[in-house]
Amino acid sequence: MTASRILRPVIALAVLAALGVLLWFATRPPPLIVQGEVSANRVDISPRVSGRIAKLKVDVGDNVETGAVIAELESPELTAALHMSQAALSVSQADLARVNSTRPETIDAANAELAAAAADVTLYQEESARQARLITTGASTQAQADQAARNLEAAIRKRESAEANVRLAVAGSSKEEKALAAAKVEQTRASLDQQQVNVSELTIHAPISGQVTTRVAELGENFSAGAPLFSIIDLQNPWFTFNLREDLLKGLKVGDNFDVVVPAIGPDKIPVKVTMINAQGQYATWRATRATGDFDLRTFEVRAVPVKAVDGLRPGMSVIAAWSER
């Protein structure tokens, strides 16, 4: 009887303790779990010039390296414009060479004219001297002496003109004409460079390393400049994105670490590092449900990257984080 009296209070206390523990677990708030998503850089590839798809080098699911050729376009208009620019450059270069040179025959002809003019000067000098002597003896008239003087003056001027023609033939075109011809060469060369760049843009290269996830291009189709052909995702540098209310950010800062789980990969925890905390737009505000005693809360984007490389991560996969354990 004595043992029975002792056991009853002990059992009652044990029952009360068990009930207290059950009540504590029943009223304890559940652990806070947040869900995010795996993201990665995506590049939409478009041609800079219009053209028709001539070759397709990759398809959806293919992995490509930076600079790899993924497609080739053709454009008869650009090819013709390139040939026209090449011909225009040849013409301008030939014109520049012409402006900067003089034919030897032209110089020889100018020298011949100068020699003839010099001979005329000599002839008329002798004639003028003879008339001056004859007029003193009365064997010539003043009119004949004046005519000889005019002929000599005209011969001298003709010789000066011939000398100028020789200098002009030797010097060639003026410096302004040479500068204009040189400028035309540079202008046509710049036009040719532009056409060469346009033709080179017909070959489409991968701007990043990654996996082709979308292919719009089909053989034979015409695409204008800026129209998307492919999409490539960089699978080597994924990150995790969480959209959280601002009251869940207490103590969180860039550089902090926490663990996440990606169900598509497995139950293992993946350590990540916070790289960005950014406020979302007003459209992402959490509105208060009561008129008083509560406040509107903004939504923030939290971005984190894996501390170590994780195989198998793909954009769109769900990410789970035990936020209350962070």
Side-chain angles (χ1 to χ4, degrees), residues 33-49 53-73 197 200-219 223 225-244 248-249 252-281 284 299-323 325-326:
I33 303 295
V34 298
Q35 181 175 349
E37 185 178 359
V38 178
S39 301
N41 286 326
R42 188 188 77 174
V43 177
D44 295 326
I45 303 173
S46 304
R48 200 184 64 82
V49 295
I53 301 295
K55 294 181 181 179
L56 291 173
K57 302 289 188 177
V58 297
D59 203 350
V60 175
D62 291 344
N63 293 316
V64 296
E65 298 294 330
T66 302
V69 176
I70 58 178
E72 293 181 8
L73 284 69
V197 169
S200 69
E201 290 292 336
L202 294 173
T203 302
I204 310 299
H205 299 269
I208 63 171
S209 298
Q211 189 175 89
V212 179
T213 58
T214 304
R215 193 200 77 186
V216 180
E218 294 292 344
L219 280 175
F223 285 87
L229 302 180
F230 298 90
S231 292
I232 296 179
I233 289 183
D234 181 8
L235 297 179
Q236 301 301 317
N237 301 287
W239 69 81
F240 306 108
T241 300
F242 300 89
N243 294 319
L244 304 176
L248 300 179
L249 300 179
L252 184 68
K253 61 184 182 297
V254 173
D256 285 353
N257 293 80
F258 60 93
D259 294 331
V260 300
V261 174
V262 180
I265 294 180
D268 296 337
K269 291 183 177 182
I270 301 173
V272 298
K273 180 180 179 180
V274 177
T275 58
M276 186 187 75
I277 302 175
N278 189 34
Q280 301 282 54
T299 299
F300 280 72
E301 177 189 1
V302 177
R303 183 178 295 184
V305 296
V307 175
K308 297 180 180 179
V310 180
D311 294 332
L313 285 180
R314 296 191 63 85
M317 290 182 175
S318 297
V319 185
I320 307 299
W323 206 248
E325 298 177 5
R326 178 181 56 84

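Only this structure's heavy atoms are used, side chains among them; waters, hydrogens and symmetry mates stay out. The first residue in the sequence is number 1, and the count goes up from there.
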Worksheet item: So Phe242 and Trp323, would you call those rings parallel, tilted or perpendicular, with 30° and 60° as cut-offs?
Response: tilted
List the atom of [X], the atom of [Y], and the distance in Å for their closest heavy-atom pair.
| X | Y | answer |
| --- | --- | --- |
| Ile53 | Ala217 | CD1-CB, 4.1 Å |
| Val272 | Pro306 | CG1-CA, 4.1 Å |
| Pro207 | Val43 | CG-CG1, 3.7 Å |
| His205 | Val69 | CE1-CG2, 3.6 Å |
| Ala40 | Pro238 | CB-CA, 4.3 Å |
| Phe258 | Ala304 | CZ-CB, 4.4 Å |

First locate atom [atom1] of [X], then atom [atom2] of [Y], and finally report the distance between them rounded to the nearest 0.5 Å.
| X | Y | atom1 | atom2 | answer |
| --- | --- | --- | --- | --- |
| Glu37 | Met317 | CD | CE | 11.0 Å |
| Ile277 | Phe300 | CD1 | CZ | 8.5 Å |
| Leu73 | Thr203 | CG | OG1 | 8.5 Å |
| Lys273 | Asp256 | NZ | CG | 10.0 Å |
| Asp259 | Ile320 | CG | CD1 | 14.0 Å |
| Asp234 | Ile208 | CG | CD1 | 5.0 Å |

Within the 4.5 Å heavy-atom criterion, are [X] and [Y] side-chain neighbours or not?
| X | Y | answer |
| --- | --- | --- |
| Val261 | Val319 | no |
| Leu252 | Val302 | yes |
| Ile70 | Ile45 | yes |
| Val49 | Leu202 | yes |
| Val262 | Phe240 | yes |
| Thr214 | Phe230 | no |
| Val212 | Asp59 | no |

Practice prompt. Using the side-chain contact (heavy atoms from CB on, under 4.5 Å) rule, take Val260 and Lys269 through it: C-alpha gap first, then chi angles, then the decisive distance, then the call.
Written response: CA-CA 6 Å; Val260 300; Lys269 291 183 177 182; over 6 Å; no
Fill in: Verdict with reasoning, Val34 to Leu244, per side-chain contact (heavy atoms from CB on, under 4.5 Å)
CA-CA 8 Å; Val34 298; Leu244 304 176; 3.7 Å; yes
Fill in: Over 12 foreign heavy atoms within 6.0 Å of CD, Glu72
yes
Worksheet item: Counting only heavy atoms not in Arg42, do more than 12 sit closer than 6.0 Å to its CZ atom?
Response: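 No, not enclosed.
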Item to complete: Quick one: do Arg48 and Val197 satisfy side-chain contact (heavy atoms from CB on, under 4.5 Å)? Show the steps, please.
Response: CA-CA 10 Å; Arg48 200 184 64 82; Val197 169; 3.6 Å; yes
Worksheet entry | Ser209 side chain to Glu65 backbone, donor-acceptor under 3.5 Å |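 Such a contact is absent between Ser209 side chain and Glu65 backbone.
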Fill in: Passing candidate, side-chain contact (heavy atoms from CB on, under 4.5 Å) with Leu229, options Val216, Ile204, Leu56
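Filter result, single survivor: Ile204.
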Using residues 308-316 as the side-chain source, report each donor-acceptor pair under 3.5 Å to any protein atom, sequence neighbours left out, with the distance given to one decimal.
unit_1: Arg314; atom_1: NH1; unit_2: Gln211; atom_2: OE1; d: 3.1
unit_1: Arg314; atom_1: NH2; unit_2: Gln211; atom_2: OE1; d: 2.8

Practice prompt. Output all residues satisfying side-chain hydrogen bond (donor to acceptor under 3.5 Å, both in side chains) with Thr275, sequence neighbours left out; order by chain, then residue number.
Written response: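 By the side-chain hydrogen bond (donor to acceptor under 3.5 Å, both in side chains) rule, Thr275 matches no residue at all.
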Practice prompt. For Gln35, enumerate each residue passing the side-chain hydrogen bond (donor to acceptor under 3.5 Å, both in side chains) test, keeping only those at least two apart in sequence or located in another chain.
Written response: Ser318
Practice prompt. Could you check Ser231 against Asp44 for side-chain hydrogen bond (donor to acceptor under 3.5 Å, both in side chains), going step by step and ending with a plain yes or no?
Written response: CA-CA 4 Å; Ser231 292; Asp44 295 326; 2.6 Å; yes
